[in-house]
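Down below is the structure, laid out as structure tokens.
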Amino acid sequence: MTAVVFIHGTGVREPGFSKLAGRVGAGLTTLRDGLRIVPYYWGGSHGATLAAGGASLPPGPGATARGPAAFAGGAAAAEVTTAAGEDTTDAWAARYADPYAELALAAAGGTPGAERPPGSVPPEQGLRERLFALAAQGDGPAAELGDGLSRAAGELAVHPLLGPAADALGPGDLAAAAARSLTARIIADALDTDTPLVPGGDIRDAVAERLAAALGAPAPGTERGVRSMALRIAGSAASRAAVRRRRALTEAAHPAAADILRYLSRGAAVRADLRALVEGLRPPVVLIGHSLGGIIALDTLISAPLPQVRLLVTAGSQAPLLYESGSLPTLEHPAPLPPHVPDWLNLYDPRDLLSYLGEGLFPGRVTDTAVDSRQPFPAAHSAYWTNPEVFRHIVERLP
């Protein structure tokens with residue numbers, strides 16, 4: 001029986017680690033029977049902590065609601081379209097910055113509605129009722145994205161943008177835009193909490209289509225009144241979003257950044273515990289490391305032979321960069337990989353700015369393999385473990 005040791009990356013703590021390890025195990029065992037999944041949770045005993053309770057963190061400014069203000073006026077810093085068939089990664093990045101952006105843009109581009117007769121039904125009323133009904137169902141209809149659908153649907157149902165957007169869009173387009181807003185809101189809230197598990201673009205799009213149908217949009221492939229929608233991000237939008245979330249971002253970033261610094265300065269104990277774990281397993285053993293977990297795995301294998309290990313898998317790893325820059329603790333450039341280091345499969349997403357290549361540094365010893373989550377950065381760095389392509393590549397190489 002092959003034992004697969006999963007080593008998590010920076011900033012991961014419980015209960016997130018158990019959920020992440022469970023997802024990795026399910027993705028592998030669905031494709032290959034008889035695997036023993038062995039999680040290595042180093043964050044609890046070796047992860048960085050704020051010993052003084054966060055005394056070094058600056059207070060943030062008062063939070064402001066997401067809304068159209070960040071998208072009103074000004075020169076565009078980026079412009080993307082969501083026409084059918086185009087790559088929508090940048091459009092989703094805009095929605096994550098402001099989940100109401102598409103509705104705000106539609107409202108801004110429309111014409112004010114004529115005065116309605118007393119007692120007439122406003123055009124957004126049908127969608128509003130469907131949003132309340134969706135909120136009453138809980139988070140289940142978007143369970144793949146995590147928690148938050150019920151809250152997001154309830155808040156969107158009473159949002160002041162619905163009316164102006166309904167004046168500009170037909171019912172089908174309004175429902176589809178609302179579904180994308182809900183999807184973006186759930187993922188954006190998850191990113192605010194520094195979740196270690198982000199759904200890939202295929203899952204995201206499937207949920208958005210499902211929510212659109214629930215809100216009354218036509219089936220995919222049928223005509224919708226607006227064939228494309230431009231999302232223009234004012235030059236200060238990203239900055240405003242960062243300022244709005246300053247303390248949340250600081251608190252979320254601390255364990256990730258500090259974990260790296262702590263490992264590079266005091267990583268021997270992490271490697272020793274991983275070595276002890278592997279030595280207690282029957283071969284063959286496979287090490288799978290995400291982000292810093294891949295660095296830990298590689299350093300452990302370099303430092304002394306572990307004959308039980310037949311394959312190293314890294315995903316979104318900075319190990320090649322640390323080696324080339326002279327920062328890898330156990331091997332300094334240009335020294336080659338020791339012969340006892342096993343085959344190395346290095347998975348990277350071209351959109352993940354924290355993933356690096358090893359083939360050019362270790363010819364014949366590393367296989368770099370690209371995968372595409374269809375998520376923008378930083379979501380791409382946490383989307384490996386919801387991408388079926390990742391698991392197929394791993395299982396193909398398992399001993």
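Inter-residue side-chain proximity for Val4 and Val313 is flagged as unmet; no heavy-atom pair is nearer than 4.5 Å. Considering only heavy atoms from C-beta on, Thr300 stays 4.5 Å or farther from Val309 through its side chain. Within the 4.5 Å cutoff, side-chain heavy atoms of Leu277 are placed close to those of Val38. Counting only heavy atoms from C-beta outward, the side chains of Leu337 and Leu301 never approach each other to under 4.5 Å. Using a 4.5 Å cut-off on side-chain heavy atoms (C-beta onward), Tyr356 and Gln318 make contact. Contact of the Gln308 side chain with the Leu281 side chain is not registered, since no non-hydrogen atoms from C-beta on lie closer than 4.5 Å. You'll find the side chain of Glu155 reaches within 4.5 Å of the side chain of Arg185, heavy atoms only. A heavy-atom distance below 4.5 Å is found between the side chains of Leu211 and Leu134.
Ring planes of Phe362 and Trp344: tilted class, angle from 30 to 60°. Between His290 and Trp385, the ring planes lie perpendicular to each other; the angle is over 60°, past the 30° to 60° tilted range. Ring orientation note: the planes of Trp92 and Tyr96 are tilted relative to one another, at an angle of 30° to 60°.
Within 6.0 Å of CD on Glu324 lie no more than 12 heavy atoms contributed by other residues, nucleotides or ligands. Within a 6.0 Å radius of CD in Glu332, other residues, nucleotides and ligands contribute 12 heavy atoms or fewer. Heavy-atom neighbours of Arg32 CZ from other residues, nucleotides or ligands within 6.0 Å: above the threshold of 12.
Scanning both residues, Ala178 and Leu156, for their nearest heavy atoms gives O-CD2, 3.8 Å. Nearest approach of Pro141 to Gly138, heavy atoms of both residues: CD-O, 3.7 Å. Of all the heavy atoms in Ala94 and Ala101, the pair that sits closest is O-CB, 4.5 Å. Residues Leu328 and Ala319 come closest through the heavy atom pair CD1-O, 4.4 Å. Closest heavy-atom contact between Tyr323 and Pro336: OH-N, 4.4 Å. What you find for His340 and Pro305 is that their closest heavy atoms are CD2-CA, 3.7 Å.
Leu298 is connected to Leu264 through a chain of hydrophobic side-chain contacts under 4.5 Å among Ile, Leu, Val, Met, Phe, Trp and Tyr, so both are in one cluster. Cluster annotation: Val366 is not connected to Leu354 through the hydrophobic network of ILVMFWY side chains, with a link wherever side-chain heavy atoms come within less than 4.5 Å. Two different hydrophobic clusters hold Phe132 and Leu174 under the rule that ILVMFWY side chains link at heavy-atom gaps under 4.5 Å.
Remark: side-chain polar atoms of Asp259 are paired, donor with acceptor, to backbone N or O of Gly11 under 3.5 angstrom. With Asp368 contributing its side chain and Glu359 its backbone, the two residues share a donor-acceptor pair below 3.5 Å. A donor-acceptor contact shorter than 3.5 Å links the side chain of Trp42 to the backbone of His8. Of the possible donor and acceptor atoms, one in the side chain of Arg275 sits under 3.5 Å from a partner among the backbone N and O of Ala304. Distance alone, capped at 3.5 Å, is enough to place a donor-acceptor pair between the Asp349 side chain and the Ser373 backbone. Side chain of Ser325 to main chain of Leu322: a donor-acceptor pair is present (N/O by atom type, distance under 3.5 Å, no hydrogens or angles). Between the Arg262 side chain and the His46 main chain, a donor and an acceptor come within less than 3.5 Å of each other. The main-chain N or O of Pro376 is never found under 3.5 Å from a side-chain atom of Arg351 such that the two would form a donor-acceptor pair. With Ser181 contributing its side chain and Pro99 its backbone, the two residues share a donor-acceptor pair below 3.5 Å.
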Are Val270 and Tyr40 close enough, and set up right, to give a side-chain contact (heavy atoms from CB on, under 4.5 Å), and what steps lead you there?
CA-CA 10 Å; Val270 184; Tyr40 177 46; 3.7 Å; yes

Might you work through the side-chain contact (heavy atoms from CB on, under 4.5 Å) test for Ile186 and Val207, ending with a clear yes or no?
CA-CA 11 Å; Ile186 298 168; Val207 171; 6.0 Å; no

Carefully, step by step, assess Thr330 and Arg271 under the rule side-chain hydrogen bond (donor to acceptor under 3.5 Å, both in side chains).
CA-CA 11 Å; Thr330 58; Arg271 296 191 293 271; over 6 Å; no

For a side-chain contact (heavy atoms from CB on, under 4.5 Å) check, start with the C-alpha distance between Thr30 and Phe391, then their side-chain angles and the critical distance, and finish with the verdict.
CA-CA 9 Å; Thr30 297; Phe391 295 109; over 6 Å; no

For side-chain contact (heavy atoms from CB on, under 4.5 Å), just list the numbers for Leu103 and His159, CA-CA rounded to whole Å, side-chain angles, deciding distance to a tenth of an Å, and then say yes or no.
CA-CA 10 Å; Leu103 295 173; His159 201 283; over 6 Å; no

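Considering OG1 of Thr367 and CG of Leu347, their distance stands at 10.0 Å, rounded to 0.5 Å. Note that CD1 of Ile295 and OG of Ser291 are 6.5 Å apart. Values are rounded to the nearest 0.5 Å.
Legend: side-chain hydrogen bond (donor to acceptor under 3.5 Å, both in side chains) pairs involving residues 139-150, not counting sequence neighbours, sorted by first then second residue: Glu144-Arg210.
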